[in-house]
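Right, one structure below, let's go through it.
Below, all heavy atoms of this structure are taken into account, side chains as well, without hydrogens, waters or symmetry copies. Here is how names work: the chains are called A, B, and so on, in the same order as the sequence lines, proteins then strands, and each is numbered from 1.
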Number of protein chains: 2
Amino acid sequence: MGVTIHDVARAAGVSVASASRALSGRRKVTPEIAERVARAAAELGYQPNAVAKALRDQTTGTIGMVVPGIGNPFFTTIVEAVERELQNSGTDLLLCASQYSPQVEARRLGTLLARRVDGLIISPCDIEASVPAVLDAARRVPLVQLDRYIEGGGADWVGVDDEAGLALAVDHVIAGGARSVVFAGSRLVSSSARLRLSGFERTAARAGVEVLPPLLGEFTLEWGVEAGRRLLDAGRLPDAVVCANDEIAVGLVRSLRFGGVRVPEDVAVVGFDDVGHATMCDPPLSTVRQPVEEMAAEAVRLLGQVKAGDPRPAQRIAIAPRLVVRQTSRPVAAGVAE
Amino acid sequence: MGVTIHDVARAAGVSVASASRALSGRRKVTPEIAERVARAAAELGYQPNAVAKALRDQTTGTIGMVVPGIGNPFFTTIVEAVERELQNSGTDLLLCASQYSPQVEARRLGTLLARRVDGLIISPCDIEASVPAVLDAARRVPLVQLDRYIEGGGADWVGVDDEAGLALAVDHVIAGGARSVVFAGSRLVSSSARLRLSGFERTAARAGVEVLPPLLGEFTLEWGVEAGRRLLDAGRLPDAVVCANDEIAVGLVRSLRFGGVRVPEDVAVVGFDDVGHATMCDPPLSTVRQPVEEMAAEAVRLLGQVKAGDPRPAQRIAIAPRLVVRQTSRPVAAGVAE
DNA sequence: ATCGGTTGGGTAATCGATTACCCGAGTTTC
DNA sequence: GAAACTCGGGTAATCGATTACCCAACCGAT
């Protein structure tokens with residue numbers, strides 16, 4: 001590397017100030033100088049040093065994003081949506097994975113802050129253990145939580161309305177005739193895990209159907225398979241299984257069918273997210289679609305408004321999801337068939 | 001933000017030099033000063049500015065990684081492997097997706113270079129269109145290509161031995177009794193796509209089996225489904241289909257079974273990669289496992305050795321893959337059963 | 001008592017881009 | 001014709017951390 005604006009200025013026979021002005025166009029220079037500087041820069045292959053610019057401007061043109069893991073298609077989808085949203089704003093995304101570990105997450109936040117990102121979008125991996133690192137970061141730079149959030153408020157949040165989503169799913173299977181239901185989800189370490197379970201329980205209770213004890217593991221296909229196995233082993237099957245995400249649902253359907261259970265005839269299954277392979281599932285999965293694009297857009301918009309350490313009360317923006325009925329549940333008038 | 005080392009020095013009643021020395025430990029200071037500086041830093045919540053440090057040191061402690069897309073589980077797997085490899089080296093990964101577009105890729109490379117990454121790992125999206133941007137980047141910083149590479153050499157590369165992998169797959173299905181074979185892969189825009197096809201063709205020709213015209217589309221599940229449909233429509237089925245990756249294979253198996261074809265009894269199917277859902281496929285997919293961990297380790301090691309614009313001839317490191325026989329092909333003595 | 005040597009602290013240069021500030025030349029206005 | 005402006009170029013300060021360089025104090029040895 002190493003061609004600086006001083007080199008360009010010298011080659012063009014002008015001062016660095018003129019070179020800078022010619023290149024940035026932030027103040028007028030004579031056409032003659034503009035021309036000479038442009039030529040010199042091109043010949044030398046000059047590329048401005050973003051590090052120096054960041055130091056001088058006190059702004060890096062980057063925002064950091066921390067998600068639990070990029071192996072989960074939901075997070076890659078939302079990362080892609082945020083990237084698209086940022087596309088033309090001239091800011092770059094620094095993506096980090098916390099690997100579902102609050103320690104790693106805190107370390108990642110630390111290096112992003114050290115690198116002086118202009119803002120942070122984070123999906124905290126643990127509703128409790130993530131609290132200190134997230135609040136500390138929010139005190140230093142604008143921060144918005146996306147999808148998952150930490151308990152106790154204190155930082156803005158954008159996400160899907162989990163409870164409404166679960167209500168959609170539960171009401172749908174009940175409308176399809178289910179009299180006994182079970183929830184297959186994740187252990188309650190994240191806000192999503194908790195809200196989806198409570199949404200499920202509340203709606204089921206209100207409807208007065210029988211509720212079997214929930215199956216709580218991880219947001220993975222493997223856990224879905226295992227959960228299906230447990231249902232088969234338990235001897236008695238519910239009429240419907242509502243899952244906390246599509247991966248669990250896909251694994252569960254596979255497991256159930258392997259055990260000779262027909263889906264949706266014997267048991268209806270509904271997922272959550274509608275990203276990745278829900279449409280490619282066999283049979284195609286009925287699920288609740290997260291409004292990923294809107295969530296990303298809203299998160300970016302909100303990030304532009306929040307100020308670091310703002311004492312204003314934290315906002316929570318919950319966007320309504322949509323039920324997508326495919327073939328793992330009995331179709332009813334409600335919902336969108338695809 | 002805004003607490004600098006000057007603030008710390010002032011609070012501790014020492015010079016910035018002493019503060020810097022106390023904090024970095026790179027030169028001795030009296031215990032008394034060390035103590036005062038440590039206390040002041042803690043009280044003020046001092047966090048060193050990595051931007052300033054990078055400018056002064058002429059090194060950012062970051063390496064950039066550019067992959068075609070993070071929606072593809074193969075790339076997320078390899079990104080995770082590289083991250084693990086870098087974990088304890090103190091360097092951070094700046095991850096970018098080119099979205100399979102050479103233009104986006106060139107722009108991403110440009111901003112990574114402007115941010116003065118210390119090195120680059122890239123999987124160029126297009127074997128031809130990616131050439132200028134990759135060579136230009138290689139002239140400026142240490143660069144290694146991982147998985148895909150550009151034509152004409154000029155930059156180091158680490159990846160799987162694609163031809164050997166395809167030879168494994170083809171020999172395996174032939175050993176299982178296949179007399180006619182077909183390749184389902186991607187259009188020939190990447191080195192992987194080309195090498196896998198040529199590896200397939202060479203091995204099949206050597207074995208003297210009948211080779212149907214290849215089906216070339218994309219590295220996606222959707223294309224696998226479509227490829228399966230085309231095979232069904234063609235009326236005559238081959239004894240085996242060898243796929244360029246697992247996603248194609250999974251889609252193809254689904255499509256074939258939907259059409260009433262038994263796998264592996266009627267048609268054997270073999271994938272490539274062995275990441276993501278190959279084990280969760282129904283039935284579990286026979287495939288060729290890419291040595292992702294070794295590839296990542298080797299790429300990072302090599303990156304530490306290359307110098308920018310080094311005139312030394314480019315290295316190509318091809319790591320041998322391994323056949324993993326599951327249930328979409330007839331088992332034979334060769335290979336590892338799981 | 002003086003001298004070479006060591007130890008540890010402070011001052012200021014450095015990295016590269018931007019821009020506040022200054023200055024000279026040219027133009028306008030009464 | 002002089003005052004008041006405008007225009008555009010150059011000099012140097014600035015961002016924050018590190019460190020080359022200098023200097024004072026103190027050591028032991030002669």
>> Can you measure A:D57 atom CG to C:dT18 atom C1' for me and round it to whole angstrom units?
In response: 7 Å
> In whole angstroms, how far is the P atom of C:dT7 from the CD1 atom of B:I33?
Replying inline: 16 Å
> Salt bridge check: are B:E35 and B:R39 linked by an N-O gap of less than 4.0 Å?
Replying inline: yes
>> Tell me whether A:E128 is salt-bridged to A:R194, with the criterion being a basic N under 4.0 Å from an acidic carboxylate O.
In response: yes
> Could A:D156 and A:R312 be called an ion pair, given the rule that one side-chain N must be under 4.0 Å from one carboxylate O?
Replying inline: yes
>> Rounded to whole Å, how long is the line connecting atom CZ of A:R27 with atom P of C:dA17?
In response: 19 Å
>> Output the rounded distance in Å from CD1 (B:I5) to P (C:dT14).
In response: 20 Å
> If you check the B:V16 side chain, which of D:dA20, D:dT18, D:dG9 turns out closest?
Replying inline: D:dT18
> Looking only at side-chain N and O atoms, does A:Y46 come under 4.0 Å of OP1 or OP2 in C:dG16?
Replying inline: no
> Where the side chain of A:K28 is defined as all heavy atoms beyond and including C-beta, which of C:dT11, D:dA17, D:dG8 is the nearest nucleotide?
Replying inline: D:dG8
> Atom CD of A:Q58 and atom C1' of C:dT18: how far apart are they, to the nearest Å?
Replying inline: 12 Å
> So what does B:S20 touch, heavy atoms closer than 4.0 Å: a base, only the sugar-phosphate, or nothing?
Replying inline: base
>> Can you measure A:R10 atom CZ to D:dG9 atom C1' for me and round it to whole angstrom units?
In response: 18 Å
> Among C:dA17, C:dG9, D:dT19, which is the nearest nucleotide to the side chain of B:S18?
Replying inline: C:dG9
>> Closer than 4.0 angstrom, basic N to acidic O: yes or no for B:R108 and A:E83?
In response: yes
>> Less than 4.0 angstrom from a charged side-chain N to a carboxylate O is my criterion; do B:R115 and A:D92 meet it?
In response: yes
> Base, sugar-phosphate, or nothing for A:T4, non-hydrogen atoms under 4.0 angstrom?
Replying inline: sugar-phosphate
> Base, sugar-phosphate, or nothing for A:V51, non-hydrogen atoms under 4.0 angstrom?
Replying inline: nothing
> Nearest nucleotide by nearest heavy atom, which residue falls closer to the 5' end of DNA chain C, B:V14 or B:L55?
Replying inline: B:V14
> C:dC15 P sits how many Å from B:R116 CZ, rounded?
Replying inline: 14 Å
>> Assuming nearest nucleotide by heavy-atom distance, tell me which of A:L23 and B:A17 is located more 5' along DNA chain C.
In response: B:A17
> Taking for each residue the nucleotide of DNA chain D bearing the nearest heavy atom, is the 5' side occupied by B:N49 or by B:R21?
Replying inline: B:N49
>> How many whole angstroms separate atom CZ of A:R56 from atom C1' of D:dG16?
In response: 13 Å
> Base, sugar-phosphate alone, or nothing: which one does A:R26 contact when heavy atoms must sit under 4.0 Å apart?
Replying inline: sugar-phosphate
> How would you label the contact of B:T30 with the nucleic acid (heavy atoms, under 4.0 Å): base, sugar-phosphate, or nothing?
Replying inline: sugar-phosphate
